[in-house]
Amino acid sequence: MNWFTETLETSLGRQVQIEYKKILTSSHSDFQHLEVFETVPYGKMLVLDGVIQLTEFDHFAYHEMLIHVPMNAHSNPKSLLIVGGGDGGALAEAVKYPSLETIILCEIDKTVIDVSRKHFPEFDKAFDDKRVTVIIRDAAEYIKHKTNAFDVIAIDSSDPIGPAEILFQEAFYRDVFSALTEDGVAVSQSESMYYHQDFIAELFAQNKTIFPVNEYYYTLVPTYPSGTIGFSFCSRSSGPTTHLQADRVAELTGLRYYSEAIHRSAFVLPVFLRDKLAR
Ligand code: SPD
């Protein structure tokens, strides 16, 4: 038997292991090591620098919550920036909105796009949508030059180590604030409430100095450490449910996780995290 082991947290006495049939691709880019596995239980799995990014089995719970929560928290989003997200999973959810006129995907590593387009055909056609522009650039640099440009920004980063570290820092979030339109909404991948409470609390405290509205919400992804992952919700004016409308959600096709009820409930935090963020 072949086992993939995610060793990110081995020193803390825990690790994720998934049996695989074969390695479909393994290469080094200028930024990271990329692998796609054909796993036994979860279909194909994308791994960057040894860390699981997505599996065919459960990626929808992550990508739907990354895109549909901010899109439905905004009254009428016309422009969207996806930071990272080169695998195309977030893009595949974004193109479901006919109201979106502009969708920019800013990914630092073109190899992630090339590898994903080949191995994850489920996401591939979203790249050909006429509204989509792909920019191969460090998003932290790209966003510095943007003001009042995007209604929604979705930060689909890997973990805060390596190339994505900068995407969790105060200077970047200040640039995100400026890049948003006046009623803009930004969300970002923000780790596990079970394993990274201190990190989440620090990020929350940092973003409170920038955005008038700050919340944390979560989703359930069995192949991520602890089986859950959360998102920071940062808004320049409205709250996460201010503009939420059942009829807008009902127009979305192919949903497997997100619903109006899930949108509302995802912001209801367990007492331990609620209290930690209230301090
Ligand atoms: N601990 C792994 C978190 C990975 C988050 N990024 C996923 C990218 C999928 N588009």
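Just follow the structure's listing: the first ligand is 1, and inside any ligand the first atom is 1. Every heavy atom of this structure was used, including side-chain atoms; hydrogens, water molecules and symmetry mates were not.
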Check: Between Phe177 and Phe211, what is the ring plane arrangement, given parallel below 30°, perpendicular above 60°, and tilted in between?
Finding: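 Perpendicular: the ring planes of Phe177 and Phe211 meet at over 60°.
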Is the closest basic N to carboxylate O distance between [X] and [Y] below 4.0 Å?
X      : Y      : value
Glu9   : Arg14  : yes
Arg256 : Glu122 : yes
Lys118 : Asp114 : no
Arg117 : Asp128 : yes

Next item on the list: Any chance you could pull the hydrophobic cluster mates of Leu34, using side-chain heavy atoms under 4.5 angstrom and chaining through other members?
Entry: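 Grouped by the 4.5 Å side-chain rule, Leu24, Val36, Leu46, Leu48, Leu54, Val112, Val115, Phe120, Phe123 form the rest of the cluster around Leu34.
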Tabulation required: pairs of a nitrogen or oxygen in ligand 1 and a protein nitrogen or oxygen under 3.5 Å; columns are atom names and distance to 0.1 Å; otherwise 'none'.
{"residue": "ligand 1", "atom": "1 (N)", "partner": "Asp159", "partner atom": "OD1", "Å": "3.1"}
{"residue": "ligand 1", "atom": "1 (N)", "partner": "Asp159", "partner atom": "OD2", "Å": "2.9"}
{"residue": "ligand 1", "atom": "6 (N)", "partner": "Gln53", "partner atom": "OE1", "Å": "3.1"}
{"residue": "ligand 1", "atom": "6 (N)", "partner": "Ser157", "partner atom": "O", "Å": "2.9"}
{"residue": "ligand 1", "atom": "10 (N)", "partner": "His63", "partner atom": "NE2", "Å": "2.7"}
{"residue": "ligand 1", "atom": "10 (N)", "partner": "Asp87", "partner atom": "OD1", "Å": "3.2"}
{"residue": "ligand 1", "atom": "10 (N)", "partner": "Asp87", "partner atom": "OD2", "Å": "2.6"}
{"residue": "ligand 1", "atom": "10 (N)", "partner": "Asp156", "partner atom": "OD1", "Å": "3.2"}
{"residue": "ligand 1", "atom": "10 (N)", "partner": "Asp156", "partner atom": "OD2", "Å": "2.8"}

